[in-house]
Each structure stands twice: as C-alpha cells, then as structure tokens.
**Q** 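First the structure, which I've put down as structure tokens, then a few questions once you've had a look.
Chain naming here is simple, since letters A, B, ... match the order of the sequence lines and numbering starts at 1 in each.
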Amino acid sequence: MASQDIFSIQKNLADSLAEAIQSYGVSDVPVTIERPKDKSHGDFACPIAMHLAKKLKKQPLMIAQEIVQNLKVDQKMVEQVAVAPPGFINIKLRHQAFHQTLEQVLKTDGDYGKNDQGKEIRLLLEFVSANPTGPLNIVSARAAALGDSIAKLLTASGAQVTKEYYVNDAGVQARLFGESLIAACDRLKGGTAQAPEGGYQGAYMDDLAKDFVKISPAPDPGQWGMDQVIEWQKKSLERYEVRFDNWYSEKKNLHDKGLVTATVEKLKKANLTYEKDGAVWIKVSEFGAPKDEVLVKSDGYPAYFAADIAYHIEKYERGFNQIVDIWGPDHHGHIIRMKAALQAAGYQVERFSVIIAQQVNLLEAGEKVKMSKREGKFVTMDELLDQVGKDAARFFFVMRSANSHLDFDIEVAKKQTEENPVFYIQYAHARIFSLLRKCAEKELTPAKTASDFGLLQEPEPLLLLKELMEYPQWVLESGKALEPHRLVVYLQTLAADFHVFYSKHRILDAPPDVARARLALALGVKTVLRNGLGLLGVSVPDQM
RNA sequence: GCGCCUGUAGCUCAGUUGGAUAGAGCGACAGAUUCCGAAUCUGUAGGUCAGAGGUUCGAGCCCUCUCAGGCGCACCA
C-alpha cells in the first residue's frame with residue numbers, strides 16, 4: 001500500500017463524506033475535517049451533520065448515523081467511524097497509518113514537512129524596510145524574525161516567496177540625512193553645528209562623520225551616508241541570518257524611472273484626484289479611508305504616499321498574487337489609506353494584507369528599558385544579538401503572535417535554564433542526539449520500515465507518531481495564516497511529549513526489536529524538531 | 001472626538017478561523033535519579049475568558065454597547 005501523507009488522508013476522508021451526503025442534495029455545505037482537541041474522540045472529526053440539521057430539519061445525531069451508514073472509507077487506513085453527540089462523526093485511524101508516517105519521516109529526513117499545498121502562491125513579502133538613517137532597532141528585529149520565518153514556512157509548502165526590503169532613500173529623507181552628516185562633521189572639527197529639524201543625532205552619526213571626512217573628493221553626503229547605513233543593516237541582518245532577495249530602492253526604482261509622477265498622472269486621468277489649496281489630493285475617502293490624502297504637495301513635490309502607492313502598484317504589476325507587508329505599530333493607520341488607494345486604482349485589495357508587528361517592551365530585571373529615538377537612545381538589533389544571541393532572539397520574536405504587544409525579558413532570554421523556552425526544545429534534540437550516539441556504540445541501529453514499527457503500540461509513542469504525521473499540516477497552516485507562532489506551539493508540544501515518552505519508556509535496555517523501533521521514533525522526533533526549528537531560523541545543537 | 005491593536009490562571013501567553021469538559025510555560029507547593037542527559041518527569045493549587053446584551057444546535061472566537069491599557073489621526077516619511 002502506498003504511504004499517504006496527512007493531506008491525502010484528509011482529502012480522501014472529505015471526498016468520502018461528500019459522497020455520502022450527496023443524496024441529501026445539499027451542495028452549499030462544505031465538508032470540513034477537524035482535529036479534535038480531546039484524543040478520545042479519535043484522530044479526525046467532522047461536524048457536517050450539525051450543519052445539515054437545520055436545512056434538513058432533522059436531528060443531527062440521526063443524520064450523522066445515516067451518513068456513517070453510507071460512508072465508504074479506506075479500510076486499510078481507518079479503524080473506526082463513530083457517531084458522538086450532538087452529531088459529530090469521529091474517525092480513528094489504524095496504527096498502521098502512523099507507522100507508515102514514521103517510515104516517511106526517516107526516508108525524507110530534512111525534506112519531511114515540505115509539501116506542495118501552497119504551490120499556487122506567488123508572494124511578495126516586504127518587511128523591515130527601516131529608513132536607511134540609522135542602525136536597526138528591536139522592532140525591526142521582530143519584523144525580521146517574523147518575515148523570514150513566514151517566508152521559510154510558505155516556501156516549504158511550495159510557494160514562491162520574494163523577500164523585499166524597501167529602501168526609503170529619496171527626497172527629504174536623503175537631504176536631512178546629508179545635512180545631519182555635515183553637521184556631525186562640523187562637530188568633529190570642534191564646531192557647534194546641530195542636526196537640522198527632523199534630522200539625525202546620536203553616536204552613530206559621529207562614527208559616520210569620522211569616516212566621511214577621510215574621503216576625498218567628498219561624495220554626496222546623503223547618498224554616501226545612506227549607503228553606509230544600509231551596509232550596517234545588511235551586516236546586522238546577516239548575523240541574524242535573514243537575507244533579502246531584493247533591496248528595492250525608492251529612488252532608483254520609482255523616482256528615477258518616473259513611476260511616481262506617472263502614477264499621479266494615471267490617478268488624475270481616472271478622475272480620482274482634485275486640487276485644493278495648491279495641492280493635489282486623492283479621493284481615498286470614497287473608498288473607505290477616513291479622509292482624503294495629499295498626493296502632490298503645494299511645493300510641487302510628490303508626498304510620501306504617492307511613492308508608496310506607486311510602489312504597491314508595482315508589486316501587482318510584477319505578477320505577484322499575494323502581497324504582504326509587515327509594518328510597525330506606528331503605521332497601522334496607514335493600512336486603510338493604502339487599501340483604499342489600491343482599490344481606487346482598480347487593483348484587487350483582497351490580495352494585499354498588512355501584518356502589524358506590535359511594539360516590543362524590553363525588560364531588564366523586570367523593568368522596562370526606556371528608549372528614545374530622538375536622543376539616539378534605543379536598543380539596537382546588534383546590542384540585542386550581543387546580549388542574547390541569534391537563536392534566543394529569533395525564537396522569542398516568533399513565539400508570540402505578531403499583534404501581541406510583546407514583553408521581551410532579556411534576563412530570561414539570556415538564562416540557560418528551564419525558564420527559557422528555547423532550551424526546552426533544543427534540549428530534547430540534544431537528548432536524542434546523545435541517545436543515538438550511545439546506541440551506535442552498542443551497534444544498535446534504528447529500525448527503518450513500517451512493519452518494524454508495529455511494536456510501537458503504547459499511548460506515548462502513538463501520540464508522538466500522530467504528531468509527526470500532523471507536522472506538514474502545521475507547516476502549511478502557520479504559513480498560510482502568516483503566523484509562525486503556531487509552529488512554535490506545535491514544537492513545544494512535540495518536545496514535551498517526547499520528554500514524557502522518554503521518561504516512561506526505556507530504549508537501550510529494551511528487547512532489541514523494541515529498542516530499534518523506539519530509536520527510530522526518537523530519530524523521527526529529532527528530524528521534525530530540527531526541520532521545524534529550521535523554519536524559524538533557530539539552530540539545533542547536538543550538545544548543550 | 002475618530003480609528004487600529006490588546007484585555008484568558010499570580011506573571012508571560014496559546015486556544016487549530018464557530019465545535020465536544022478553556023490549555024501551556026514560568027512562579028508557588030509536594031514528589032521522582034544505584035538506570036539511555038534532572039536543562040527532565042509526576043502531582044496539587046490557581047478561571048465570572050474585562051463587563052453587559054445579542055446572533056444559534058453550539059461563542060474565549062461573530063455583532064452592538066461600556067470600561068481599561070497601548071498606538072495612530074501632518075501639504076512628515
């Protein structure tokens with residue numbers, strides 16, 4: 001019998017159920033397969049009878065019984081189909097199905113979990129996109145961890161994902177940055193020049209100035225400074241193991257190509273704009289925004305919003321069918337404007353979504369660390385990495401949902417103890433590695449085929465097998481939902497259930513056949529822990 | 001004033017998009033090691049899911065209102 005993954009098992013069940021309810025002649029009720037929370041209810045559950053009850057004006061329990069009578073399922077995979085009040089259809093798989101899963105895990109190894117369920121997705125994921133005017137801070141660190149994990153998850157499900165960093169290197173920004181740099185140079189020579197209003201201050205500007213004065217002839221300060229800062233940012237991200245496919249320059253890709261003015265003209269022609277007080281406004285309020293916005297300022301220069309609209313239209317024009325941005329909490333008010341503008345311009349807004357990576361409160365010894373951008377006093381991503389390391393940082397940032405206001409406790413992240421959730425999972429992996437080494441010394445090798453796994457019959461190993469089976473689905477679902485924290489929850493559960501298994505069942509001194517089967521299970525868990533943490537950008541040490 | 005996010009155990013948070021008896025970690029308390037890693041495991045205590053209505057077979061999840069905290073609401077980017 002060909003081995004089946006969780007997707008095909010569920011699809012077969014759904015198809016069978018759909019066939020069984022065909023005689024009712026109800027077509028608009030989708031068949032859903034759920035995983036019941038309570039294990040005693042079986043491996044899958046279907047609430048279809050409850051949904052049908054109202055339409056058919058019959059008791060859900062009776063409908064469920066009728067469905068089960070008409071249901072034809074694969075007897076080799078399914079052990080039992082039962083009806084439970086108020087009308088659930090519960091399905092229990094044969095142990096054999098799980099034993100096949102383990103064979104699959106061991107065979108595919110590093111590829112286990114990869115699937116093609118998301119192959120129709122062509123996603124442009126824009127994140128971090130911090131202004132090239134200073135080092136990356138911890139909000140950027142959160143966005144970077146989140147975005148990179150989402151990209152990895154969806155890629156594992158067969159999607160094409162492009163990771164993009166939008167560089168705001170045009171206009172006012174560049175000018176202010178250049179003037180700030182000149183001021184810093186003056187201070188370096190003993191002068192008293194201050195950064196202009198809205199400019200940039202802080203120790204890093206002085207560092208830049210020191211390098212800038214050495215260059216002769218002097219380049220354009222704004223452009224040179226921003227290039228330097230971008231290099232810093234790339235270096236920080238490299239430490240973090242986050243790499244972008246595109247660094248999309250606002251200046252080069254939009255302004256220099258005339259796309260911003262072209263977009264404005266296009267919107268004008270579509271009668272979506274009007275003039276007031278010498279400025280050009282876009283009528284986004286007609287498309288759901290609270291008020292209209294300025295596209296071209298009265299000084300003739302396009303507003304930031306105009307460039308942003310041009311940029312997002314470009315995302316559509318490049319052929320992506322899903323467009324996702326990760327923004328900071330201070331930009332949430334921008335979402336509705338952007339959506340309104342895109343809708344006005346005739347693009348499918350449903351394909352565009354924004355994740356708000358909420359603020360991060362850094363805690364040190366239980367106290368909030370105060371940060372002020374104006375005074376150049378904020379915790380940088382590099383400082384965070386120096387303190388807690390890449391693994392803990394990335395894990396902490398993806399372990400909670402993006403829209404929770406995150407408390408990041410540096411003390412806990414630094415601790416190499418049970419208080420730190422990163423180590424719990426890593427420890428399970430290291431434990432298994434150590435076990436495998438011990439077994440190798442005894443020339444005990446893991447079993448390889450499903451028929452050898454028949455000895456895994458106790459509740460603990462069966463639970464682990466089931467979780468291994470579900471892994472690809474967690475990969476898919478947390479990717480599609482753009483919520484890596486779901487996978488974290490899964491991995492914590494898997495690690496916990498392994499520890500339970502490990503403390504209950506001996507491996508080395510079990511009879512050889514049993515030992516080899518249990519060893520194979522441990523190896524399977526290790527594989528999934530490694531693959532799963534890998535999708536979060538967290539490494540798995542063999543020893544700790 | 002308007003809008004967005006948040007409110008679940010002492011603390012930090014999950015809750016599989018509306019399913020069955022609301023979960024985990026930390027902290028507290030009580031236990032487990034002549035034995036594969038105790039960075040582990042077992043058990044106990046801890047809840048009016050902010051509050052009030054509503055929708056339906058069924059609500060922590062959806063709708064309305066109220067309260068509390070955070071953040072936005074520029075011809076800034």
**Q** What is the distance, rounded to the nearest whole Å, between atom CE of A/M544 and atom C1' of B/A39?
**A** 6 Å
**Q** For B/A38, take OP1 and OP2 only and decide whether either is under 4.0 Å from a side-chain N or O of A/R431.
**A** yes
**Q** How would you label the contact of A/A430 with the nucleic acid (heavy atoms, under 4.0 Å): base, sugar-phosphate, or nothing?
**A** base
**Q** Represent RNA chain B in dot-bracket notation, 5' to 3'. Only Watson-Crick or G-U wobble pairs with both distances under 3.5 Å count; pseudoknot-style crossings use [ ] and interstrand partners use |.
**A** (((((((..((((.....[...)))).(((((.......))))).....(((((..]....))))))))))))....
**Q** My understanding is that only residues two or more places apart in sequence, or in another chain, count here; which of them pass side-chain contact (heavy atoms from CB on, under 4.5 Å) with A/V388?
**A** A/L384, A/A392, A/A393, A/F408, A/I410, A/A413, A/K414
**Q** With A/H331, which residues qualify under ring pair (Phe, Tyr, Trp, His ring centres under 6.0 Å), at least two apart?
**A** none
**Q** Classify the nucleic acid contact of A/I507 as base, sugar-phosphate or nothing, counting any heavy atom under 4.0 Å across all strands shown.
**A** base
**Q** When you compare B/C29 with B/G72, how far apart are their C1' atoms, in angstrom units rounded to a whole number?
**A** 46 Å
**Q** Using the P atoms only, state how far B/C41 lies from B/C57, rounded to an integer number of Å.
**A** 44 Å
**Q** Applying side-chain contact (heavy atoms from CB on, under 4.5 Å), name anything that partners A/R506, two or more places apart in sequence or on another chain.
**A** A/D509
**Q** I need the full list of salt bridge (Lys or Arg N to Asp or Glu O under 4.0 Å) pairs touching residues 388-406 of chain A, with sequence neighbours left out, sorted by first then second residue.
**A** A/D148-A/R394, A/E241-A/K390
**Q** Not counting sequence neighbours, which residues clear ring pair (Phe, Tyr, Trp, His ring centres under 6.0 Å) with A/F177? List them please.
**A** A/Y200
**Q** Students often get this wrong, so: under 4.0 angstrom with heavy atoms, is A/D542 touching a base, only sugar-phosphate, or nothing?
**A** base
**Q** For nucleotides 19-24 of chain B, list the nitrogen or oxygen atoms of the protein found under 3.5 Å from its nitrogen or oxygen atoms, one pair per line.
**A**
residue: B/G19; atom: O6; partner: A/H51; partner atom: NE2; Å: 3.3
residue: B/A20; atom: OP2; partner: A/K37; partner atom: NZ; Å: 3.2
residue: B/A20; atom: N6; partner: A/N90; partner atom: OD1; Å: 2.7
residue: B/A20; atom: N1; partner: A/N90; partner atom: OD1; Å: 3.4
residue: B/A20; atom: N1; partner: A/N90; partner atom: ND2; Å: 3.1

**Q** With A/K55, which residues qualify under side chain to side chain donor-acceptor pair (under 3.5 Å), at least two apart?
**A** A/D28
**Q** Check every strand shown and say whether A/S404 touches a base, only sugar-phosphate, or nothing at a heavy-atom separation below 4.0 Å.
**A** sugar-phosphate
**Q** I need a per-nucleotide contact map over nucleotides 67-77 of chain B, read 5' to 3'. Cutoff is protein heavy atoms under 4.0 Å; write B for the base, S for backbone only, - otherwise.
**A** --BSBSS-BSB
**Q** With sequence neighbours left out, what residues match A/Y502 under ring pair (Phe, Tyr, Trp, His ring centres under 6.0 Å)?
**A** A/F498
**Q** Taking only residues at least two apart or on different chains, which pairs with a member in residues 422-447 of chain A satisfy salt bridge (Lys or Arg N to Asp or Glu O under 4.0 Å)?
**A** none
**Q** Taking B/C76 as the reference, what is the distance to B/A9 when you measure between their P atoms (whole Å, please)?
**A** 45 Å
**Q** Quick one: does A/R486 reach the base of B/U16 with a side-chain donor-acceptor pair under 3.5 Å?
**A** no
**Q** Would a distance-only check, ignoring hydrogens and angles, find a side-chain to backbone donor-acceptor pair under 3.5 Å from A/N168 to A/P132?
**A** no
**Q** Work out how far the P atom of B/A50 is from that of B/U33, and round it to whole angstrom.
**A** 42 Å
**Q** Quick one: side chains of residues 472-480 of chain A, donor-acceptor pairs under 3.5 Å with protein atoms, not counting sequence neighbours, listed by atom name and distance.
**A**
residue: A/Q473; atom: OE1; partner: A/Q10; partner atom: NE2; Å: 3.2
residue: A/Q473; atom: OE1; partner: A/R35; partner atom: NH1; Å: 2.3
residue: A/Q473; atom: NE2; partner: A/Q10; partner atom: OE1; Å: 3.1
residue: A/S478; atom: OG; partner: A/W474; partner atom: O; Å: 2.5

**Q** Check the phosphate of B/C41 against A/S503, side-chain N and O only, distance under 4.0 Å to OP1 or OP2. Yes or no?
**A** no
**Q** Would you say the ring centers of A/H312 and A/F352 fall short of 6.0 Å from each other?
**A** yes
